[in-house]
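Side chains are part of it too, since the values below use all heavy atoms of this structure and drop only hydrogens, waters and symmetry mates. Lettering of chains follows the sequences in order, A, B, ..., and the numbering in each one begins at 1.
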Protein chains: 2
Amino acid sequence: MYNLESIEQRLAEQGYRITPSRLAVVEATLEHSGHFSVDDILGRLPGVGRATVFRTMKLLSQMGILCRVLLENGSLRYRVSHRRDHHHHLVCVSCGSVEELDACIAAGAIDNLARSTGYDIEGHWLEFYGRCGPCRSGEA
Amino acid sequence: MYNLESIEQRLAEQGYRITPSRLAVVEATLEHSGHFSVDDILGRLPGVGRATVFRTMKLLSQMGILCRVLLENGSLRYRVSHRRDHHHHLVCVSCGSVEELDACIAAGAIDNLARSTGYDIEGHWLEFYGRCGPCRSGEA
DNA sequence: TAGACTAATGATACCAAGTCTCAATTGCCC
DNA sequence: GGGCAATTGAGACTTGGTATCATTAGTCTA
């Protein structure tokens with residue numbers, strides 16, 4: 001869905017400079033199909049500084065190209081996002097692949113929740129965990 | 001709902017030793033009405049070691065007395081839990097108070113999700129954020 | 001009531017994830 | 001090609017949490 005050129009173009013359009021480090025980070029993230037950590041990217045790019053990888057991934061997140069994935073144990077990962085609007089994830093705990101879910105099942109509950117609690121509800125986190133089809137059949 | 005004595009009793013019943021450090025940590029957590037971090041507890045108990053506070057809070061979490069609360073930015077906090085079964089939180093982003101929600105709105109969606117994705121769904125995270133009634137009226 | 005045995009402690013080193021600083025570099029526009 | 005601001009990367013720092021290990025101290029039993 002994304003490729004290096006299209007992201008390069010979006011960076012330029014938004015006034016960001018095109019640098020070798022930035023392109024290297026973009027390229028490294030595009031190679032991942034599931035979720036990954038900043039250190040996964042750092043490990044592939046020994047010539048790029050730690051802070052730069054963090055900065056670039058933050059920038060890509062702000063641009064909607066990456067999104068954060070919350071794992072079951074509470075740690076945060078990243079993944080390339082193909083949906084720029086609000087969505088949630090279904091993460092395979094075995095292979096790490098991630099499905100992006102198009103319907104937000106929490107949306108319908110928010111009005112009821114606001115009424116019953118008196119809160120003004122502004123946001124939510126929702127992530128699902130399980131085992132994907134291939135992982136279920138591949139193991140005893 | 002909980003008090004020091006009832007927790008002391010539960011610790012003893014489950015074969016854990018009653019030590020001054022443990023009781024101090026329990027007491028410090030009971031003083032919080034909203035969510036708190038390990039360092040909030042550490043700050044109140046300069047005589048208790050860092051590792052002990054972490055260990056005790058982990059133990060209390062396993063016993064269902066504390067539960068973890070995920071903040072919007074992805075950081076984890078703790079709170080005293082009055083529900084031992086599966087539940088979710090509604091966190092006030094202004095004052096930090098936490099409502100425990102009794103209905104799991106995700107439960108109904110899981111079957112559909114499993115059918116449509118082929119995943120075997122084992123777990124999920126769900127937290128809501130907003131402003132509680134007092135915080136909404138107290139500020140312009 | 002005193003051992004003895006083992007759980008628990010706490011100092012400390014370590015790890016993981018992320019931010020801050022700042023001098024040096026380098027894209028990009030003219 | 002020059003100038004300037006954005007970007008870089010080294011490294012120190014922060015936060016949240018775990019591992020190690022010698023010492024201490026609950027608790028059980030006699």
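One interatomic measurement links the two molecules: CG of Leu42(B) to P of dG17(D), which rounds to 11 Å at whole-angstrom precision. The CG-C1' distance, from Leu45(A) to dT8(D), rounds to 14 Å in whole Å. Distance, Ile41(A) CD1 to dA17(C) C1': 15 Å, rounded to whole Å. Rounded to an integer number of Å, the gap from Gln14(A) CD to dC28(C) C1' is 17 Å. One atom, CG of Asp40(A), and another, C1' of dG18(C), lie 15 Å apart when rounded to the nearest Å. The CG atom of Leu59(A) sits 16 Å away from the P atom of dG18(C) (whole-angstrom rounding). Remark: P of dG17(D) and CE of Met57(B) are 8 Å apart, rounded to the nearest angstrom. If you take CZ of Phe54(A) and C1' of dT14(D), they are 12 Å apart, rounded to a whole angstrom.
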Determine, step by step, whether Arg79(B) and Glu100(B) satisfy the salt bridge (Lys or Arg N to Asp or Glu O under 4.0 Å) criterion, reporting the C-alpha distance in whole Å, the side-chain angles of both residues, the deciding distance to 0.1 Å, and the verdict. CA-CA 10 Å; Arg79(B) 75 167 252 118; Glu100(B) 296 193 313; 3.6 Å; yes
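In this structure, Arg50(A) and Lys58(B) both approach DNA chain D, and ranking their closest nucleotides by distance from the 5' end singles out Arg50(A).
The existence of a salt bridge linking Arg22(A) and Glu8(A) is excluded, since no basic side-chain nitrogen approaches an acidic carboxylate oxygen closer than 4.0 Å.
Residues Glu5(B) and Gln9(B) bring no donor and acceptor atom of their side chains to less than 3.5 Å of each other. No side-chain donor-acceptor contact under 3.5 Å links Asp39(B) and Ser37(B). Using modelled atom types, one finds no donor on one side chain facing an acceptor on the other under 3.5 Å when comparing His87(A) with His82(A).
Looking at residues two or more places apart in sequence or on another chain, you find no side chain to side chain contact (heavy atoms under 4.5 Å, CB included) involving Ser33(B).
Across all strands, Gly47(A) comes closer than 4.0 Å only to sugar-phosphate atoms, never to a base (heavy-atom distances). Within the nucleic acid shown, Thr52(B) comes within 4.0 Å of at least one base atom, counting heavy atoms only.
If you chain together hydrophobic residues whose side chains sit under 4.5 Å apart, Leu66(B) and Val25(B) fall into the same group.
Note on the helix from dT1(C)-dA30(D) to dC30(C)-dG1(D): terminal axis deviation equals 30°, with five pairs used at each end and the result rounded to 10°.
For Val48(B), whose side chain is taken as the heavy atoms from C-beta onward, the closest listed nucleotide among dG17(D), dA8(C), dG10(C) is dG10(C).
Distances shown here put a side-chain N or O of Tyr78(B) below 4.0 Å from the OP1 or OP2 atom of dG17(D).
In this model, a side-chain donor or acceptor of Arg55(B) finds a partner on the base of dG10(C) within 3.5 Å.
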Heavy-atom protein contacts under 4.0 Å, nucleotides 24-30 of chain D, coded B base, S sugar-phosphate only, - none: -BBS---
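Using a distance-only test at 3.5 Å, with no hydrogens or angles considered, a donor-acceptor pair links the side chain of His88(A) to the main chain of Leu126(A).
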